[in-house]
Amino acid sequence: MTVATQGDLSTLTSKELHQLIVNKDISVMELVELFLNRIKQYDPQLNAYITVVQDKARAQAIEVDNKIRSGELNHPLAGVPYALKDLFCTKGILTSCGSKMLSNFISPYDATVYDKLNQAGAVLLGKVNMDEFAMGSSNENSYYGAVANPWDLSRIPGGSSGGSAAAVAAGLAAYSLGSDTGGSVRQPASYCGISSIKPTYGRISRYGMTAYASSLDQCGPMARSAEDMALILQTISGFDVRDSTSANVPVPDYSATLNEPLTGLRIGIPKEFFADGLDADVAKVINEAVEQFKRLGATVKEVSLPNSHLSVAAYYVIAPAEASANLSRFDGVRFGHSCDAPTNLQDLYERSRWEGFGDEVKRRIVIGTYALSSGYYDAYYLKAQKIRRLIKNDFVAAFNDVDVLMGPVTPTTAFKIGEKSDDPIAMYLGDIYTLPISLAGVPAVSIPVGFSDNLPVGLQIIGDYFNEAKLLNVAHSYQQVTDWHRQSPSQFTGA
Ligand code: GLN
């Protein structure tokens with residue numbers, strides 16, 4: 001290795017790492033060894049990885065080194081090591097979904113996103129920790145234990161893609177994929193000081209991404225820069241015959257429009273996102289970021305999303321309802337955990353599910369089943385769906401006047417491990433700024449824009465349907481004139 005030190009390399013973007021490979025400054029194998037060493041050294045403090053696939057990664061590194069050398073492979077992510085949230089199916093590798101229920105589940109097939117990254121020559125380092133079945137906002141609901149925030153080990157990294165965020169923030173992967181049902185890539189990215197994008201619902205195939213709430217679930221890249229997100233999104237987006245909800249909408253060249261000037265960009269600030277409950281320091285950092293956009297030529301006006309305050313109530317009916325149906329397949333027969341010595345079929349179902357699922361998952365199954373049951377369907381589920389439509393209409397109206405919306409990702413910075421674990425309602429309320437976007441199905445990015453008490457603060461930039469290109473352009477322009485996205489937690493750098 002002729003360039004920089006290990007620590008320096010782990011803070012580079014995927015684009016920069018690929019360039020080092022192309023320039024022959026480093027081989028894919030050296031890069032993979034570097035990340036594997038860092039995982040060994042640092043992950044015991046973080047608990048980000050559930051499975052590390054050393055042998056597979058090394059075998060893939062040899063193959064990719066050869067293909068790059070022979071000119072057979074020139075994809076911009078070729079050779080760059082990454083991690084997958086442990087709900088993406090990976091043939092021959094454990095896919096646990098952070099649950100005891102699937103703690104013995106080896107997938108017989110690959111998720112489409114994994115397949116696409118394999119074809120690109122990206123190198124999988126391992127599968128990362130998450131809230132069980134993606135239910136949570138703190139990564140404390142994992143069968144494999146809580147994950148620590150690399151900026152402060154006593155705090156949560158966010159959830160449910162907490163392992164994906166912590167791994168990238170600490171330099172234990174160049175980028176990762178997470179999933180976002182109600183905020184799970186944006187919120188942990190915000191708490192860990194990295195960038196993420198939740199694309200429009202349908203932009204990325206969900207084939208092989210274990211379902212939580214199917215009308216909301218979307219895969220999302222988590223990375224060090226908007227430029228990296230453009231490359232990853234480009235690689236994994238597009239229609240897939242194996243996912244009937246994937247959209248048959250052309251995928252533009254996201255990298256081509258990153259540098260478009262922001263002159264005349266119309267930014268809307270939803271006033272509901274700055275009401276009571278938003279931490280004053282977080283608000284200050286967000287407002288400073290908005291000022292930066294003005295300096296880049298944007299205009300700013302206040303807008304209203306009048307129904308957004310209903311999003312927590314609507315989401316926490318719709319998501320559990322869909323989850324209760326999706327999780328019925330885990331019955332002790334077809335997948336995963338099966339109880340010992342069942343006395344009959346009913347006993348097999350009941351005890352397998354009782355033993356296999358954790359408390360939060362059980363809570364959601366009960367809420368969801370209740371909301372869908374006859375007599376309550378109209379009162380809860382149907383009503384929540386009607387509210388969902390109102391929330392969607394709010395966004396459609398807002399985008400008649402502005403190009404993007406900006407606001408906080410979360411009301412506060414990362415909280416202490418254990419602080420909210422006994423209070424599900426307080427935990428759910430923290431999702432207030434991410435849920436409306438999920439319910440509407442519009443895309444949004446989260447980018448780091450500063451610190452409050454040494455903890456990262458994320459800005460959420462929300463776009464119109466299928467306009468991810470604009471979001472990446474806006475985020476990239478900000479990252480060209482600021483360096484918040486280049487900050488790394490000192491405890492994990494330089495070694
Ligand atoms: N915190 C939300 C929930 O618990 C969102 C999770 C997610 O996006 N997967 O449902």
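All residue numbers in this chain count up from 1 along the given sequence. When a ligand or atom number is given, it counts from 1 through the structure's own listing order.
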| Do the numbers put K420 on top of the ring of F415, so that NZ or CZ is under 6.0 Å from the six-membered ring centre and no more than 45° off the axis? | yes
| Do the ring centers of F330 and F133 come within less than 6.0 Å of each other? | yes
| note | Here the atoms of ligand 1 under 4.0 Å from any heavy atom belonging to G136 are 1 (N), 2 (C), 3 (C), 4 (O), 6 (C)
| note | Counting heavy atoms under 4.0 Å, the part of Y316 that contacts ligand 1 is side chain
| query | Does some non-hydrogen atom of A319 fall short of 4.0 Å from ligand 1? | reply | no
| ligand 1 N/O within reach of S184 N/O, cut-off under 3.5 Å | yes
| query | So, do Y207 and Y109 have ring centers that fall under 6.0 Å from each other? | reply | yes
| field | Close-contact set for ligand 1 against G182 heavy atoms, below 4.0 Å | value | 5 (C), 7 (C), 8 (O)
| request: Over 60° means perpendicular and under 30° means parallel, so classify the ring planes of Y380 and Y370, tilted if in between. | output: tilted
| Considering distance alone, does some N or O of D431 sit under 3.5 Å from an N or O of ligand 1? | yes
| When you measure from the side chain of D86 to the backbone N and O of M130, does any donor-acceptor pair fall under 3.5 Å? | no
| Flag if over 12 foreign heavy atoms under 6.0 Å of CG, D423 | yes
| query | Can you tell me the protein heavy atom closest to atom 5 (C) of ligand 1 and the distance? | reply | Y315 OH, 3.3 Å
| task | Step through it carefully: locate the ring centre of W151, locate the ring centre of F451, and say whether they are under 6.0 Å apart. | result | yes
| task | Taking the side chain as every heavy atom from C-beta outward, state whether P448 and I194 have any atom pair closer than 4.5 Å. | result | no
| request: Could you tell me whether R364 and ligand 1 have an N or O pair separated by under 3.5 Å? | output: yes
| field | Check: M135 N/O within less than 3.5 Å of ligand 1 N/O | value | no
| note | Any heavy atom of Y212 under 4.0 Å from ligand 1? The part involved is side chain
| remark: Counting from 1 in the order shown, the ligand 1 atoms closer than 4.0 Å to a non-hydrogen atom of A134 are 6 (C), 7 (C), 9 (N)
